[in-house]
There are 4 protein chains.
Amino acid sequence: MAPIVSEDHKEKKKREILESAHACFAKKGFQVATMNDIVEHSGMSKGAIYNYFNSKDEIYLELMRESTEQTYNSLKESILIFNSALEKIIFLFDLYDKGDGINIEDLSKTIVHYEFRLYSFRHEELNNKLNQRKQKYFLEFIEDIIKEGQYSGEFKSDLNPKLMADLFWSLIDGVTSQFVYKGYPQNEVLNEMKNMFINRLKV
Amino acid sequence: MAPIVSEDHKEKKKREILESAHACFAKKGFQVATMNDIVEHSGMSKGAIYNYFNSKDEIYLELMRESTEQTYNSLKESILIFNSALEKIIFLFDLYDKGDGINIEDLSKTIVHYEFRLYSFRHEELNNKLNQRKQKYFLEFIEDIIKEGQYSGEFKSDLNPKLMADLFWSLIDGVTSQFVYKGYPQNEVLNEMKNMFINRLKV
Amino acid sequence: MAPIVSEDHKEKKKREILESAHACFAKKGFQVATMNDIVEHSGMSKGAIYNYFNSKDEIYLELMRESTEQTYNSLKESILIFNSALEKIIFLFDLYDKGDGINIEDLSKTIVHYEFRLYSFRHEELNNKLNQRKQKYFLEFIEDIIKEGQYSGEFKSDLNPKLMADLFWSLIDGVTSQFVYKGYPQNEVLNEMKNMFINRLKV
Amino acid sequence: MAPIVSEDHKEKKKREILESAHACFAKKGFQVATMNDIVEHSGMSKGAIYNYFNSKDEIYLELMRESTEQTYNSLKESILIFNSALEKIIFLFDLYDKGDGINIEDLSKTIVHYEFRLYSFRHEELNNKLNQRKQKYFLEFIEDIIKEGQYSGEFKSDLNPKLMADLFWSLIDGVTSQFVYKGYPQNEVLNEMKNMFINRLKV
DNA sequence: AATGAATGAGCCTTCATTCAT
DNA sequence: TATGAATGAAGGCTCATTCAT
């Protein structure tokens, strides 16, 4: 006899749980939010959730993995339309321009992201398994663009691409961090950073 | 009846508790560290600690307040010896140079700092004033140095001092954030930032 | 509409479930083994199992009933080939000789048997009849052999057959119990018991 | 400042918990009885109990340890008054004579004891740590008496004392086991065993 | 003030059982 | 009948906080 629910349905359920979890983590923080919160928010039963995920940690991990993957994929895809390395870099900075006004959801996501990072710090195994790989993806992604710019003659040839990639993400982290701190976007700061960084790169 | 213990003694006790608490929070994180951990680390009794602080939260908040204040005071004092605005800025950047090697304790302290920040985000009512004031102090602190440099002719006169101050802390946050992320100092990145920032400032 | 599956098929399914259950109970113990374990071991679905048994307890009880019956039947049948009461008794003792070496499966089965016993103790209402009948069967079984030996002149005529039957099972229980305790067979002890018991019986 | 409660008080509390636990284990079985049962039965709070014991297992272990020690000590002491090995053996058998009637408490204790044994079987570490030592104590205890009887000329010199000790406890286990099974004492059976065993020993 | 035993709400997780399909 | 996702009570345990001494 055929399975009662389709794979699709199962995926949808997982999504529901993950979204509820994310909402709860955003509202209360990952460590403070409880499985009961997620149960309540999702409207599902406790057992149902444990049918899809084996632990609170696993939910967290999946959320982390997804977020990284999505960000990575969307970054990668979005720059395909640009022909020059410079344009790519400019575009990436502009992605972090939150526009005007306070976007609570954006803020929440960022908060959860930071909490993930701190939580990972206390769990070395996780940290190593996930963060290193993640770092590598994102770092190499920028590194490649820098190299491309050097190859095409857009960027100074004596720059250390690895260092520039580190610098790029540090700048982004800095502005995001301030976003959390202050509660509103730091677009002017971001703009300053963009200019600085581009000046540093351009021949 | 005269008070049995002096105010001084009380302050000393509070200090002991706060230091133990900070050590425990640094080691395990605020959420995971327990009152029992603090009891054990401080060598005091549970009841004694509750005589000085009404809750774990209160200890945490007090630690935040103090830490901010201390950092502020030490920053303020330390730059007194410099005569030029540029030297002051350079000195401040250099403060965040962690030297070589991984210093776990330094890392832990930074983590606690970041946890503070997230915790604050969840307790808007309580900490709004605290954070705003704190922000203001640190921002104005840099703002004043920028203005000083403009006045003395060291820095470009058309810079927005507020924006430069925001930028400064964003850069610092960015590099610190990466420190947490990677687990080791990002001194080269810091150096790049320093040069960029100074270039942006100098006439 | 005619029944889709025959009674035979139903019996076969029940058997499968019972065997899986027995394997799981033997491996983990009744309390620790879960319905999921049985599901997994049997390859059937949870719902299917609940179509044949109303509860985990019911499976357990049925297993008990069956096991007792089977043991009884096989005991009864196996001694048919012997002509003297003495030979029968000797044969029964030898059944409990586990040979050399530790046989984990044998041990596990014995454990389940003992767990049955304790479980029964906690469910007097349900099992009173079951146990009493069981007891009666096994006791009368031995009792009859004793009487047969007395009738044939092999055994002392002044023995109380009931008491001797009690004694027989106590000896068997004792040696089995030690088997569980120590984890390896107690064949020498069993042999001593056999000799003692036979000496007590023989004229 | 002196501690608030005396060591005595603490010991008394531990005793209370252990007695409640034993009562609950006896009533429902070790695995089925819950910490909540113990909480309820003891009238203490959950936290209080966890102040004295770190886990349900630990309570069980302590109960086991105590029971073994007490039995061992009382056995050892009680036979001091006898001069001959034979008298000692006889006395030990008589200890297990439960008199007439059903003593529920005695039965409960025995049940809990058997459950301990089975539970241990599933937890090898425990089994090894505790049972072996316990076994050794009790076995050597009997072994020594056998040897004493051989030395004094009371018992056959060609007996294997280790085997006789094993046999002794197997007999006791057997009769106790039947006690659990049937729910009432098996004194006549015990008497038969005693006579058999003594006949086997005596020159 | 100091002590630390006591409290009990709450946490994460498990699992026998049910029921829509 | 068969399926397995859903249910939710219950389990062991933790820990911030209280309070009698």
Side-chain angles (χ1 to χ4, degrees), chain A residues 1-6 9-10 13 31-39 42-59, chain B residues 1 3-5 9-10 13 31-40 43-59, chain C residues 1 3-5 9-10 13 31-40 43-59, chain D residues 1-6 9-10 13 31-39 42-59:
Chain A
M1 202 167 285
I4 290 151
V5 296
S6 61
H9 177 257
K10 269 164 80 171
K13 277 271 172 170
Q31 313 210 51
V32 175
T34 68
M35 286 304 281
N36 275 339
D37 289 330
I38 299 174
V39 164
S42 68
M44 297 165 92
S45 74
K46 208 171 281 195
I49 290 176
Y50 276 93
N51 271 346
Y52 294 96
F53 296 95
N54 291 314
S55 66
K56 192 181 159 188
D57 262 40
E58 204 175 291
I59 296 180
Chain B
M1 199 182 285
I4 293 161
V5 296
H9 178 256
K10 245 168 104 173
K13 280 268 174 175
Q31 321 264 8
V32 176
T34 67
M35 287 302 280
N36 272 341
D37 289 330
I38 300 173
V39 163
E40 211 165 300
M44 298 166 86
S45 75
K46 210 171 274 195
I49 290 175
Y50 273 92
N51 274 339
Y52 294 101
F53 295 96
N54 291 313
S55 68
K56 193 182 160 189
D57 265 40
E58 203 176 292
I59 296 179
Chain C
M1 199 182 289
I4 294 161
V5 297
H9 178 256
K10 244 169 105 173
K13 282 267 175 175
Q31 321 265 9
V32 175
T34 68
M35 286 303 279
N36 272 340
D37 289 330
I38 299 172
V39 164
E40 210 165 303
M44 298 167 87
S45 75
K46 213 171 273 195
I49 291 176
Y50 273 93
N51 273 338
Y52 294 100
F53 296 96
N54 291 313
S55 67
K56 193 180 160 189
D57 266 40
E58 203 177 292
I59 296 180
Chain D
M1 204 167 284
I4 290 152
V5 297
S6 62
H9 177 256
K10 271 163 79 171
K13 277 271 171 167
Q31 313 210 53
V32 176
T34 68
M35 285 305 283
N36 276 339
D37 289 330
I38 300 174
V39 164
S42 68
M44 298 165 92
S45 73
K46 204 171 283 195
I49 289 175
Y50 276 94
N51 272 345
Y52 293 97
F53 296 95
N54 292 315
S55 66
K56 193 181 158 189
D57 262 39
E58 203 175 291
I59 295 179

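Note on naming: letters A, B, ... go to the chains in the order of the sequence lines (proteins, then strands), and numbering restarts at 1 for each one. Values in this document were obtained by computation on a predicted structure and should not be read as measured data.
Atom CD of C:Gln31 is separated from atom P of F:dA10 by 17 Å (rounded to the nearest Å). At whole-Å resolution of the value, CG in D:Asn54 and P in F:dC15 are 12 Å apart. Distance, C:Phe53 CZ to F:dA2 C1': 16 Å, rounded to whole Å. The CG atom of B:Asp57 sits 16 Å away from the P atom of F:dC15 (whole-angstrom rounding). Rounded to whole Å, atom P of E:dA6 lies 19 Å from atom CE of B:Met35. Taking atom OH of residue B:Tyr52 and atom P of nucleotide E:dA1, one finds them 6 Å apart after rounding to whole Å. Following rounding to the nearest Å, C:Tyr50 (OH) and F:dG4 (P) show an atom-to-atom distance of 16 Å. Counting to the nearest Å, the P atom of E:dT21 and the NE2 atom of A:His9 are 10 Å from each other.
The base of E:dT13 does not come close enough to the side chain of A:Lys56 for any donor and acceptor atom to sit less than 3.5 Å apart. Within 3.5 Å, a donor on the side chain of A:Lys46 pairs with an acceptor on the base of E:dT13, or the reverse.
Taking B:Thr34 as the reference, B:Asp37 meet the side chain to side chain donor-acceptor pair (under 3.5 Å) condition, with sequence neighbours excluded. In this structure, the side chain to side chain donor-acceptor pair (under 3.5 Å) partners of D:Glu58, at least two apart in sequence or on a different chain, are D:Asn54.
For F:dA6, one of the phosphate oxygens OP1 or OP2 lies less than 4.0 angstrom from a side-chain nitrogen or oxygen of A:Lys13.
A side-chain N or O of D:Lys46 and one of D:Asn36 form a donor-acceptor pair less than 3.5 Å apart.
Mapping A:Asn51 and D:Thr34 onto DNA chain F via the closest heavy atom, the residue that lands nearer the 5' end is A:Asn51. Position along DNA chain E of the nearest nucleotide to B:Gly47 versus D:Met44 favours B:Gly47 as the more 5'-ward residue. Sequence order on DNA chain E of the closest nucleotides to D:Ser45 and A:Asp37 puts D:Ser45 first from the 5' end.
Under a 3.5 Å cut-off, the side chain of C:Lys13 and the backbone N or O of C:Ile49 do not form any donor-acceptor pair. In this structure, A:Lys10 contributes its side chain and A:Tyr52 its backbone to no donor-acceptor pair below 3.5 Å.
The side chain of D:Asn36 approaches F:dG11 more closely than any other nucleotide in the set F:dG11, F:dT1, E:dT17. Picking from F:dT3, E:dT3, F:dA5 the nucleotide with the shortest atom distance to the side chain of C:Ala48 gives F:dT3.
Residue B:Met35 holds its CE atom at 8.0 Å from OG of B:Ser55, rounded to the nearest 0.5 Å.
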Dot-bracket for DNA chain F: what is it, with Watson-Crick or G-U pairs under 3.5 Å, [ ] where a pair crosses earlier ones, and | for a pair to another strand? .||||||||||||||||||||

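The two residues B:Met44 and B:Val39 make their nearest non-hydrogen contact at O-CG1, 3.2 Å.
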